[in-house]
Amino acid sequence: MSLSTQFLGHTYANPLMNASGVHCMSVEELQELDRSSAGAFITKSATPAEREGNPEPRYYPVALGSINSMGLPNRGFDYYLDYVLNRESKGDGRVFFSVAGMSLADNLAMLHRLQDSDYTGVTELNLSCPNVPGKPQVGYDFEQTQQILTEVFQFYKKPLGVKLPPYFDMVHFDTIAGILNRFPLAYVNCINSVGNALYIDTDLEQVVVKPKNGFGGIGGQYVKPTALANVRAFYVRLNPEIKVIGTGGITTGRDAFEHLLCGATMLQIGTQLCKDGTPVFDRVASELQQIMDSKGYKSIDEFRGKLQSIE
Ligand SMILES: O=C1NC(=O)NC(C(=O)O)N1
């Protein structure tokens with residue numbers, strides 16, 4: 001009985017990763033992920049230059065999840081490139097690199113740097129940060145998404161995935177999947193946080209995060225049904241060579257099992273990792289293994305994507 005997972009030519013002990021942005025800002029945090037039982041891990045989305053991000057408070061955990069309006073604080077592209085290059089000699093493909101440019105030019109510049117570097121790992125292009133004031137979630141602009149991918153794939157030849165926002169409309173699933181299918185993407189990662197939600201402290205009669213009058217991205221249990229729907233919608237629409245990473249509402253082995261049933265290959269944990277720390281990977285892996293054992297599944301391949309409709 002094994003959680004062993006094949007993804008983009010590498011074998012991972014299990015499909016579990018952190019979600020970009022959680023526990024991955026500093027080298028120290030990345031090294032802790034490296035030492036953890038996570039199958040793989042990913043850096044905080046990098047911008048070309050270091051960013052302060054939004055004013056605090058900007059992250060607030062709540063019973064059923066979290067709300068955040070971080071605003072892409074990060075140490076800058078070179079910091080994370082240095083880290084992944086120093087780790088390159090391990091050759092295990094366990095670290096993924098996330099980029100989130102403020103513009104097309106930013107994204108092209110960072111991806112040119114990565115293309116010209118000795119980095120051989122996976123890169124995730126974040127098209128869905130909801131928290132930079134004045135900046136749209138690019139994934140909701142289908143023409144802009146197509147333009148970025150058209151320009152990127154003229155030169156970028158290494159494995160590249162995209163982090164997508166949640167979609168809520170069947171025609172949107174059809175349209176964006178039709179665009180994504182035109183490109184040699186390694187994967188889509190569904191979903192980023194559900195953007196611009198509001199959480200209220202009723203005692204104080206006040207919002208709980210400072211930026212944008214309290215509007216922030218929601219994660220955790222709140223978003224699992226939407227995350228599962230997005231994983232499934234893309235799994236059934238995309239070319240089979242484009243894999244799906246499932247992110248959103250994974251707090252237990254059962255949630256992980258559900259994402260795998262929908263068709264996910266790798267699974268990313270954000271809010272629950274923030275709450276529990278890296279032991280969350282051991283617990284979720286163990287709970288997933290128990291579910292597989294109870295159902296007689298010897299490998300994830302036996303049930304990945306096999307969610308049944310009602311005939
Ligand atoms: O893509 C992102 N999603 C989020 O929910 N928050 C972060 C951020 O605000 O930096 N970025």
Side-chain angles (χ1 to χ4, degrees), residues 17-26 29-30 41-62 64-77 79-80 96-103 106-107 110 123-141 144-145 148 160-168 187-199 207-224 226-227 230 245-250 268-275:
M17 305 175 61
N18 66 302
S20 178
V22 181
H23 211 95
C24 55
M25 182 78 73
S26 68
E29 287 182 312
L30 289 163
F41 59 103
I42 187 168
T43 63
K44 169 67 184 175
S45 294
T47 49
E50 183 167 11
R51 272 178 64 89
E52 277 288 303
N54 292 341
E56 297 179 334
R58 59 191 187 182
Y59 181 89
Y60 192 87
V62 296
L64 297 178
S66 65
I67 185 167
N68 91 85
S69 188
M70 306 300 285
L72 287 175
N74 73 96
R75 302 290 175 87
F77 178 83
Y79 178 90
Y80 301 104
F96 294 20
F97 194 112
S98 177
V99 295
M102 294 288 119
S103 64
D106 273 5
N107 280 317
M110 289 188 286
T123 297
E124 181 167 286
L125 176 58
N126 183 353
L127 298 176
S128 44
C129 177
N131 299 320
V132 177
K135 288 289 177 187
Q137 296 170 85
V138 173
Y140 288 146
D141 181 333
Q144 191 180 354
T145 297
I148 291 174
L160 182 76
V162 288
K163 181 74 171 284
L164 297 174
Y167 301 97
F168 302 90
Y187 70 88
V188 299
N189 183 348
C190 301
I191 61 176
N192 207 318
S193 58
V194 174
N196 296 299
L198 198 53
Y199 190 90
V207 302
V208 295
V209 292
K210 182 170 182 178
K212 295 170 57 180
N213 295 308
F215 283 62
I218 289 285
Q221 295 180 58
Y222 290 117
V223 307
K224 188 178 77 173
T226 295
N230 277 259
I245 293 184
T247 305
I250 299 177
Q268 293 187 352
I269 303 176
T271 296
Q272 203 60 38
L273 169 60
C274 199
K275 291 182 176 186

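Each ligand, and each atom within it, is numbered from 1 in the order the structure gives.
Between the side chains of N68 and N131, at least one donor N or O lies within less than 3.5 Å of an accepting N or O.
In this structure, S193 contributes its side chain and G195 its backbone to no donor-acceptor pair below 3.5 Å. Using a distance-only test at 3.5 Å, with no hydrogens or angles considered, no donor-acceptor pair links the side chain of S45 to the main chain of N126.
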Would you give me the side-chain donor-acceptor pairs under 3.5 Å for residues 207-219, sequence neighbours excluded?
| from | atom 1 | to | atom 2 | distance (Å) |
| --- | --- | --- | --- | --- |
| K212 | NZ | P130 | O | 2.8 |
| K212 | NZ | N196 | OD1 | 2.5 |

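Ring planes of Y60 and Y199: tilted class, angle from 30 to 60°. Taking the six-membered ring where tryptophan is involved, the planes of Y140 and Y167 are perpendicular, since the angle between them exceeds 60° and thus also 30°.
At a 4.0 Å heavy-atom cut-off, the residues surrounding ligand 1 are K44, N68, M70, G71, L72, P73, N126, C129, P130, N131, N192, S193, listed by chain and number.
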